[in-house]
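Everything on this sheet refers to the single structure shown next.
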Amino acid sequence: MTFVVTESCIRCKYTDCVSVCPVDCFHEGPNFLVIDPDECIDCGVCVPECPANAIYADSDLPPDQAEFLGLNAQLSRQWPVISSAKEPMPDADAWRDATPKRTFLIATAEA
Ligand code: SF4
Ligand code: F3S
């Protein structure tokens, strides 16, 4: 089992999740965070902290977000660990409820 960051995080990166996570399992890309499934201890404390409601247990992942299970595993190997919270992205509030926004995910460059 692991927890998974989904589409709602894209272009927001509120990072409240990072400040409560007891281990270093969040990794940061240009406009999205992911959870390393090998580090996540399944505590669930990050879920209610996300203003965008972006985090789910893999067993509760909405069907239209299934792709993000693999994306979290893949991108957590490419992106650096983020271990403390930072300011959200400049237009985070405007993008929080926008959908769909999968197309805006920047999956290659580092943060
Ligand atoms: Fe971190 Fe717990 Fe969230 Fe996993 S479930 S990412 S260990 S806060
Ligand atoms: Fe993203 Fe929510 Fe964390 S927007 S950075 S998953 S608090």
Side-chain angles (χ1 to χ4, degrees):
M1 183 181 170
T2 183
F3 281 67
V4 179
V5 183
T6 65
E7 182 178 26
S8 297
C9 178
I10 296 170
R11 288 195 162 180
C12 291
K13 287 207 298 189
Y14 285 102
T15 72
D16 301 75
C17 53
V18 175
S19 60
V20 298
C21 182
V23 293
D24 284 339
C25 54
F26 283 96
H27 292 243
E28 183 185 15
N31 65 0
F32 189 54
L33 258 61
V34 292
I35 292 170
D36 180 344
D38 295 329
E39 293 293 331
C40 179
I41 59 171
D42 306 327
C43 69
V45 300
C46 55
V47 173
E49 299 300 321
C50 176
N53 297 315
I55 306 174
Y56 292 84
D58 57 2
S59 54
D60 293 333
L61 203 55
D64 67 351
Q65 300 294 302
E67 172 194 16
F68 284 88
L69 181 61
L71 278 172
N72 276 242
Q74 172 196 330
L75 295 172
S76 65
R77 291 192 292 269
Q78 299 177 17
W79 290 346
V81 167
I82 173 173
S83 54
S84 56
K86 60 193 283 187
E87 287 296 308
M89 298 195 76
D91 295 326
D93 289 347
W95 281 98
R96 181 174 57 193
D97 300 319
T99 184
K101 52 180 175 174
R102 165 67 180 88
T103 184
F104 298 112
L105 175 61
I106 302 170
T108 51
E110 292 190 353

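Start at 1 and go down the list; that is how both ligands and their atoms are numbered. Residue numbers start at 1 and run along the sequence shown.
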For [atom], what's the nearest protein heavy atom and its distance?
| atom | result |
| --- | --- |
| atom 2 (Fe) of ligand 1 | Cys43 SG, 2.3 Å |
| atom 1 (Fe) of ligand 1 | Cys21 SG, 2.3 Å |
| atom 4 (Fe) of ligand 1 | Cys40 SG, 2.3 Å |
| atom 5 (S) of ligand 1 | Gly44 N, 3.2 Å |

Ring pair (Phe, Tyr, Trp, His ring centres under 6.0 Å) with Phe68: of Phe3, Phe32, Tyr56, only one passes, and it is Phe32

Regarding Cys46, does it place an N, O or S atom less than 2.8 Å from atom 1 (Fe) of ligand 1? no

(Q) Check for me, please, whether Met89 and Leu105 land in the same ILVMFWY cluster - side-chain distances under 4.5 Å, paths through other members count. (A) no

Side-chain heavy atoms nearer than 4.5 Å, only ILVMFWY residues, links allowed to pass through others: does that put Phe104 and Leu33 together? yes

Numbering the atoms of ligand 1 from 1, which are under 4.0 Å from a heavy atom of [X]?
| X | value |
| --- | --- |
| Val23 | 7 (S) |
| Phe26 | 6 (S) |
| Val45 | 8 (S) |

Measuring from [X]:[atom1] to [Y]:[atom2], what's the distance to the nearest 0.5 Å?
| X | Y | atom1 | atom2 | result |
| --- | --- | --- | --- | --- |
| Lys86 | Lys13 | NZ | NZ | 4.5 Å |
| Ile55 | Ile35 | CD1 | CD1 | 5.0 Å |
| Arg102 | Leu71 | CZ | CG | 5.5 Å |
| Glu7 | Gln65 | CD | CD | 5.0 Å |
| Met1 | Asp60 | CE | CG | 7.0 Å |
| Leu75 | His27 | CG | NE2 | 10.5 Å |

For ligand 1, indicate whether the residue [X] contacts it via side chain, backbone, both or neither (heavy-atom separation under 4.0 Å).
| X | answer |
| --- | --- |
| Ile55 | neither |
| Cys25 | side chain |
| Ile41 | both |

- Query: For ligand 1, is Val20 a contact, meaning one of its heavy atoms is under 4.0 Å away?
  - Reply: no

Could you check whether any side-chain N or O of Ser83 sits under 3.5 Å from a backbone N or O of Asp24, counting only pairs where one atom can act as donor and the other as acceptor? no

Report for atom 1 (Fe) of ligand 2, protein N, O or S closer than 2.8 Å, by chain and number, lists Cys9 SG

Discussion item. Between Ser76 and Pro37, is there a side-chain heavy-atom distance shorter than 4.5 Å?
Written reply: yes

